[in-house]
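Take a look at the structure below.
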Amino acid sequence: MGTMDHSQHEVRGIDHAGHSMAGMGHASSSGAVAAHDKHAGHSVAMFRDKFWLSLVLTLPVLVWSRDPQSWLHYGAPTFPGSSVVPPVLGTAVFLYGGLVFIRGAVGELRDRQPGMMTLISLAIVVAFVTSWAGTLGLFEVEIWWELATLITIMLLGHWLEMRSIAQARGALAALAELLPDTAERLTASGTETVPLSALAVGDVVLVRPGARVPADGVVVEGSADVDESMITGESKAVGKEPGDKVIAGTVAAGGSLRIQIAAVGEETALSGIMRMVAAAQASASRAQALADRAAAILFYVALGSAMVTFSYWWLDGDRAGALVRTATVLVIACPHALGLAIPLVIAISTSLGARNGLLVKNRIALERLRNLDTVIFDKTGTLTRGQPVLAAVSATDESDLLRLAASVEADSEHPLARAIVAGAKDRGIEPSAAFGFESLAGRGARATIDGRIVAVGGPRLLAELSLEPDPAAERWGREGRTVLHVIVDGRLLGALAVEDEIRPESVDAIERLHAMGIKVAMITGDSQVVADSVARRLGIDEVAAQVLPADKAEAVKRFQAGGRKVAMVGDGVNDAPALATADVGIAIGAGTDVAVESAGIVLVRSDPRDVVGAIRLSRATYSKMIQNLVWATAYNLVAIPVAAGLLVPWGLDLPMAVGAIAMSASTIIVAANAQLLRRVRLAPSS
């Protein structure tokens, strides 16, 4: 009986839509999620079993009832006691299949939140009492077949609904299943297989080809391609070498890895993502609040309609019809579809987002995305990679210039030096041996290479040696690039341009945002020259340059002037105040750091095109919500008057069983429409 009570609470939660995901909202670990998933599975199995057994009991009720025999022109076999088959088996269906709804109604009334279960219970109790009254000869009516059919159809509708909800919640269940049950921990004598709970920070584990990473950590030995698609949504495997971070639940391929554990249990990125998805499914929503109010209003509309229906037909002299039509009104007006309209859409949208690297921390943020006027990007690390790269070379012999410059900078840790060395190696040029290296403070560096004195530095070094700059340097300066000059034995050999590399996908992201009618702005601490250069190449509409990190929030407020709806996209660390100030804060490039408290949306990948995917998800989710609300409301506006007998003068009297079918069909339509959300393409390639 305890299982039935818990299951019933699960079903009632669907009607009180804000509670429908409450069980998941508190899931803070894979164990809790697994337990909740097991509980939901019991609920689905319970309604499935009740449906099939009730169906078996309902079939004889239909066969031996007078109305079906009259309509289909057949005679049921007779035997001693055949006349009591409908009342006996109808009562069995009521007690076995119907009491689950009555228990739900008791819970609703105890919570002072009458709703779907209360209406269903009123309907089946009225039908049950009416059926026995007819059997005892108090009325000329026999509706055992309608009562049994009604309960069976209601059980079928609940089973299908619960299964849809369980499938939508599959994101958390799938995440929980990503972790292996055990890990191979390295010891002084070899390896030992231990449960995940035995792992501690600092342990080193072996991950063989095809195995899953058991916990977050850092590669200390080995190399392999790691499939992170289940966490980040990135379709391509990522190469991992010593020093690279790996995420729990990802799969190694093409090699084995030795990984030093950096986080276990609740501290892993996977647990953080699970908490975020669960919180999003349980967080507040304006559309959900609207559905809650509509469902509450519908309960009282249905109750009032039932009372009017009963009074009218009773006073009209059709007492049996009064009871039957009252029960039909109560059934057909159940706010089932309204109760499912929003929770199922939310569950599907958040799980869809999670599979594509879009983590929704707050449903209000997801709803607001559809109304954006402007998207503001932080430049460094968002539109650009946040690290300098060699962009251009000006020299008669570019290869020789790069070889000499890379030779001077080979042992330097300065970001510009590393950019020059990496740029040379990318072009197949290896540095030569350098001797007598000397750092020139504030000017550059100098060394002897192949017997020549080679210096690499900026404008100050050039001015110190009274040399004229390379012709390309002035143009590069206007473009906001950093210019470095290469001087050999006191003679200018050429120049190099270094810049913060723009992500190739940034141009595509901005073009897609423009195609959606959204303006794009950029905030950066760089000079106006650098900002204008980046904006020109990317097609950005507005720029705020030379903005200190502490002033970014004020810059966002200026963009919000005039009522503009603004999203701020940043790295979630030094952009936290700006993310919190914007109408929607989007943390991009956060990787697996899902604890970005200031953002409503977290994009796991460092891909600005995912902002477009988030907006698509918002618009598609809102569209499905509205479609479901309109359908559920319009259905009741039409169905209640028909069930009340409005069309009886024209020969149309809606049977109770048909009313139950209509109500269940409405719920199934809403569920099917929500499932279509899965077809929305969010990936950058779409």
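Position 1 is the first residue of the sequence; numbering continues from there.
In this structure the side chain of V226 reaches within 4.5 angstrom of the side chain of L257, judged on heavy atoms. At least one side-chain heavy atom of V194 sits under 4.5 Å from a side-chain heavy atom of L199. The closest side-chain heavy-atom distance from L369 to V611 is not below 4.5 Å. Looking only at side-chain heavy atoms (C-beta outward), K425 and E430 come within less than 4.5 Å of each other. Proximity of L484 to L461: side-chain heavy atoms (C-beta onward) are nowhere separated by under 4.5 Å. Taking 4.5 Å as the limit, some side-chain heavy atom of V556 sits within range of a side-chain heavy atom of I523. When side chains are defined from C-beta on, I420 does not count as touching L416, because their heavy atoms never get closer than 4.5 Å. Side-chain contact between D426 and L390 is absent, with no heavy atoms from C-beta onward closer than 4.5 Å.
Contact between V393 and W476 at its shortest, heavy atoms only, is C-CH2, 4.0 Å. When all heavy atoms of L617 and S349 are compared, the closest pair comes out as CD2-O, 3.7 Å.
A donor-acceptor pair is defined here as one N or O able to donate and one able to accept, closer than 3.5 Å; such a pair exists between the side chain of D489 and the backbone of I453. No side-chain donor-acceptor contact under 3.5 Å links T448 to the backbone of G451. In terms of modelled atom types and a separation under 3.5 Å, the side chain of S223 and the main chain of E241 share no donor-acceptor contact. The closest donor-acceptor contact from the side chain of N371 to the backbone of R368 lies at 3.5 Å or more, if one exists at all. The backbone N or O of T382 sits less than 3.5 Å from a side-chain atom of R503, completing a donor-acceptor pair. Judged by distance alone, with hydrogens and angles left aside, the side-chain atoms of D607 form a donor-acceptor pair with the main-chain N or O of R609 at under 3.5 Å. Between the D541 side chain and the A521 main chain, no donor and acceptor come within less than 3.5 Å of each other. A donor-acceptor pair under 3.5 Å is absent between the side-chain atoms of S618 and the main chain of A614, judged by distance alone.
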>> I'd like to know whether V408 forms a side chain to side chain contact (heavy atoms under 4.5 Å, CB included) with L404, so could you lay out the CA-CA distance, the side-chain angles of the two residues, the decisive distance to 0.1 Å, and finally the verdict.
In response: CA-CA 6 Å; V408 173; L404 295 173; 5.8 Å; no
>> Walk me through whether L513 and I615 qualify under side chain to side chain contact (heavy atoms under 4.5 Å, CB included).
In response: CA-CA 9 Å; L513 288 171; I615 296 172; 3.7 Å; yes
> Between L493 and D400, does a side chain to side chain contact (heavy atoms under 4.5 Å, CB included) hold up when you go through it step by step?
Replying inline: CA-CA 10 Å; L493 188 65; D400 188 49; 4.3 Å; yes
>> The test is side chain to side chain contact (heavy atoms under 4.5 Å, CB included); show your working for V543 and V534 and say whether it passes.
In response: CA-CA 10 Å; V543 171; V534 173; over 6 Å; no
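Using a cut-off of 4.0 Å between Lys/Arg side-chain N and Asp/Glu carboxylate O, R512 and D508 are scored as salt-bridged.
When each of E542, Q560, K519, R564 is tested with T374 by the rule side chain to side chain donor-acceptor pair (under 3.5 Å), just one qualifies, namely R564. Just one of E464, E438, E409 meets the salt bridge (Lys or Arg N to Asp or Glu O under 4.0 Å) condition when paired with R446; it is E438.
Atom CG of L358 sits about 6.0 Å away from atom CG of L603, to the nearest 0.5 Å. We find the CD-CD distance between E221 and Q260 to be 12.5 Å, quoted to the nearest 0.5 Å. Here I376 contributes atom CD1 and M568 contributes atom CE; the two are 6.5 Å apart, rounded to the nearest 0.5 Å.
With a 6.0 Å radius and a threshold of 12 heavy atoms from other residues, nucleotides or ligands, R537 has its CZ atom above the threshold.
Residues meeting the side-chain hydrogen bond (donor to acceptor under 3.5 Å, both in side chains) test with E398, sequence neighbours left out: none.
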